[in-house]
2 protein chains.
Amino acid sequence: MLSTGLPQGAVPKLERPGPLRDRVYEALLELITTRALQPGQHLVESELAGHLGVSRQPVREALQRLNTEGWVDLRPAQGAFVHEPTEEEADQLLTVRTLLEAEAARLAAAHAGSPGVAALEELCAEGEKAVAADDVDGAVALNAAFHAKIMELAGNAVLAELAGQVDRRVRWYYTPVARQRGKQSWVEHRGLIAAIADRDEQRATVLMREHTEHTRRSYHERQRG
Amino acid sequence: MLSTGLPQGAVPKLERPGPLRDRVYEALLELITTRALQPGQHLVESELAGHLGVSRQPVREALQRLNTEGWVDLRPAQGAFVHEPTEEEADQLLTVRTLLEAEAARLAAAHAGSPGVAALEELCAEGEKAVAADDVDGAVALNAAFHAKIMELAGNAVLAELAGQVDRRVRWYYTPVARQRGKQSWVEHRGLIAAIADRDEQRATVLMREHTEHTRRSYHERQRG
DNA sequence: TTATTGTCTTTCGTCTACAGTCTACGGCGC
DNA sequence: GCGCCGTAGACTGTAGACGAAAGACAATAA
């Protein structure tokens, strides 16, 4: 046992910057999701490296990872291009998301206790507040946090991993039209929490499926609107 | 228009080896799935590089990719270790697999035409033949091909991508006990084909779910057996 | 005028070298 | 004899350099 008397939580953990490739990965993902790097754009390794102040190597490794996760397309001997989402792909992604989220809701209903439900209600309240304040970015972030919390309550790490990636890409496609579905979304969240609190797996599954299906429909309607 | 008179299909396409990192990736994945590299083993970059006759760089990139796909764990400043599957993780993986495969079966039932059904029956017949000949490796490969074909018929690329990765890892865990579930598995496949041919989405979903659940149960029974 | 070909620039793919960090082992003090 | 500290080795993380392939453009010939 340590006898230094240092308060354990207060130790600064000797903040080490962590692998450079990860920070480059985060930075690039941020640039892509914020549309600073537009779909179809050619990403030149040396440019990115110079811009970020690192060498090409970490940039390469970050691009590899972004490639396997579907954010960029890596054409051999030609380089990386920001992935261009198609209508078909967006639809398929939303289909998969519905699947994963619905299962997560079921598992959450099966496993969640009152602390978990309380956390969900807390997030929901904040989300409603953000919508009321017309804070679109905040509402989107809280929406993500809400769904992530349900994933956590589901207690399936593999499922959470997949859903995390799928959700992030869905959000990429969807953010531009998120405003439309502000309020109604949180009403549906309330119903979902109730189902989870009741430990009603069936109802939680159905509600989550309808919830994500509404999102999909709103996405498609954007096209024509 | 080309006026050389070359038969278009016969051009050998000048087989180029493709990026080195991909071949290293394939090689390592093969070594892992065949247990030549055992779970928990420390993978030293320079060793692998020397053994494969390439430099460290392509090896690094392959390891990165294997890391994001869950095959190896990349501990910072320490290197790569072959992932050690836990009971819990295997169970979660099987849960997700059930989800994805069931949805694929539903979509296949919704979209498949007679050529697709014929292809499935072809694969099924070969699989039964392999089981009869006690060809375990062949049966496992055909089983994978059968499920992959259903994925293809489902026509959802995103779903196929995820299921491909999940299935491959499930197979890694499961292969050692695959012998037990030889024959019964293909009987269930037959029923599944019938449901798809009838375009009965409901029945196809249920059958596939039961099918993969049987696999899961057989996996768990192995522990005690 | 059009198609072809040769050259040239750009960028990627790979290799080699160096610095930082973690682990293991041996010596020293208690 | 036991535990701690210092040192050495090994491996990874990062940087920089070289060779090769792909695309663009201009010059030339039909």
Side-chain angles (χ1 to χ4, degrees), chain A residues 1-6 11-28 31 37-38 40-68 71-84, chain B residues 1-6 11-28 31 37-38 40-68 71-84:
Chain A
M1 178 63 83
L2 291 174
S3 54
T4 57
L6 284 176
V11 180
K13 276 274 181 64
L14 202 45
E15 237 190 274
R16 92 186 104 179
L20 209 46
R21 58 168 173 273
D22 291 339
R23 287 189 294 170
V24 173
Y25 167 82
E26 298 289 348
L28 289 180
L31 289 173
L37 297 174
Q38 293 180 0
Q41 185 169 343
H42 187 188
L43 302 179
V44 179
E45 295 175 356
S46 51
E47 270 182 33
L48 297 176
H51 193 271
L52 295 173
V54 298
S55 106
R56 273 180 55 207
Q57 178 92 0
V59 174
R60 278 182 68 80
E61 296 179 352
L63 288 175
Q64 304 274 342
R65 184 167 162 199
L66 288 168
N67 177 44
T68 68
W71 293 100
V72 307
D73 299 322
L74 221 48
R75 293 188 233 167
Q78 197 171 354
F81 296 79
V82 180
H83 181 71
E84 300 191 64
Chain B
M1 178 64 82
L2 290 172
S3 54
T4 56
L6 284 175
V11 179
K13 276 277 181 63
L14 198 48
E15 236 190 274
R16 85 186 115 182
L20 210 46
R21 58 168 174 271
D22 290 340
R23 286 188 294 171
V24 173
Y25 167 82
E26 297 290 348
L28 289 180
L31 288 173
L37 298 174
Q38 293 180 2
Q41 184 168 344
H42 186 188
L43 302 179
V44 179
E45 294 175 356
S46 50
E47 271 182 34
L48 296 175
H51 192 270
L52 295 173
V54 298
S55 104
R56 272 180 55 206
Q57 178 98 358
V59 174
R60 278 182 68 80
E61 294 179 353
L63 288 175
Q64 304 274 342
R65 184 167 163 198
L66 289 169
N67 177 44
T68 69
W71 293 100
V72 307
D73 299 322
L74 221 47
R75 292 188 235 169
Q78 198 172 352
F81 296 79
V82 179
H83 180 71
E84 301 191 65

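Please read all numbers here as calculations on a predicted model, not as lab measurements. Residue numbers start from 1 in every chain, and the chains themselves are labelled A, B, ... in the order their sequence lines are given, proteins ahead of strands. For the numbers below, each heavy atom of this structure counts, side chains included, while hydrogens, waters and symmetry mates do not.
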Within residues 44-52 of chain A, find the residues that approach DNA chain C with a heavy atom at under 4.0 Å, and present them sorted by residue number.
->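 The answer is A:Val44, A:Glu45.
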Using a heavy-atom cut-off of under 4.0 Å over every strand shown, decide if B:Leu43 touches base, sugar-phosphate, or nothing.
->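 Sugar-phosphate, no base atom in range.
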Sugar-phosphate only, base, or nothing, as touched by B:Leu74 at under 4.0 Å among non-hydrogen atoms |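 The residue B:Leu74 makes no contact with any strand.
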Heavy-atom closest pair, residues B:Glu84 and B:Gly40 =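 Residues B:Glu84 and B:Gly40, closest heavy atoms: CG-N, 3.4 Å.
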B:Arg60 side chain N/O closer than 4.0 Å to the phosphate oxygens (OP1, OP2) of D:dG13?
->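 B:Arg60 to D:dG13 OP1/OP2: side-chain N or O found under 4.0 Å.
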N/O (side chain, B:Arg56) to phosphate O (OP1/OP2, D:dT12) under 4.0 Å =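 No.
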Check the distance between [N]'s [atom2] and [X]'s [atom1] and give it to me in whole angstrom.
X	N	atom1	atom2	answer
A:Gln41	C:dT11	CD	P	13 Å
A:Glu61	C:dG13	CD	P	14 Å
A:His42	C:dT10	NE2	C1'	10 Å
A:Phe81	C:dT10	CZ	P	16 Å
A:Asp22	D:dT12	CG	P	16 Å
A:Gln64	C:dC12	CD	P	12 Å
B:Gln57	D:dA15	CD	P	12 Å

Using the side-chain contact (heavy atoms from CB on, under 4.5 Å) rule, take B:Arg21 and B:Val24 through it: C-alpha gap first, then chi angles, then the decisive distance, then the call.
-> CA-CA 5 Å; B:Arg21 58 168 174 271; B:Val24 173; 5.6 Å; no
Name all residues meeting the ring-ring contact (aromatic ring centres under 6.0 Å, His included) criterion together with B:His42; count only those two or more places apart in sequence or in a different chain, and write none if there are none.
->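 Expected list: B:Phe81.
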Using the salt bridge (charged side-chain N to carboxylate O under 4.0 Å, His left out) rule, collect all pairs that involve residues 42-60 of chain A, keeping only residues at least two apart or in two chains.
->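 Output for this query lists A:Glu45-A:Arg56, A:Glu45-A:Arg60, A:Arg60-B:Glu61.
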Shorter than 3.5 Å, N or O on both sides, protein versus nucleotides 8-10 of chain D: list them out with atom names.
none

Taking the side chain as every heavy atom from C-beta outward, state whether B:Arg65 and A:Asn67 have any pair of such atoms under 4.5 Å apart.
->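 SC-SC contact between B:Arg65 and A:Asn67 ruled out.
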Looking at residues at least two apart in the chain, or sitting in another chain, which of them share a side chain to side chain contact (heavy atoms under 4.5 Å, CB included) with B:Leu48?
->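 For B:Leu48 the side chain to side chain contact (heavy atoms under 4.5 Å, CB included) partners, ignoring immediate neighbours, are B:Leu28, B:Leu43, B:Val59.
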Extract all donor-acceptor atom pairs below 3.5 Å that involve side chains of residues 72-79 of chain B and protein atoms in other chains or at least two apart in sequence.
from: B:Asp73; atom 1: OD1; to: B:His83; atom 2: ND1; distance (Å): 3.2
from: B:Asp73; atom 1: OD2; to: B:His83; atom 2: ND1; distance (Å): 3.1

To the side chain of B:Arg21, which of C:dC15, C:dG13, D:dA15 is closest?
->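 Given the options C:dC15, C:dG13, D:dA15, the side chain of B:Arg21 is closest to C:dG13.
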Between C:dC12, D:dG23, C:dC15, which nucleotide has the shortest distance from any of its atoms to the side chain of A:Gln78?
->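 For A:Gln78, the side-chain atoms sit closest to D:dG23.
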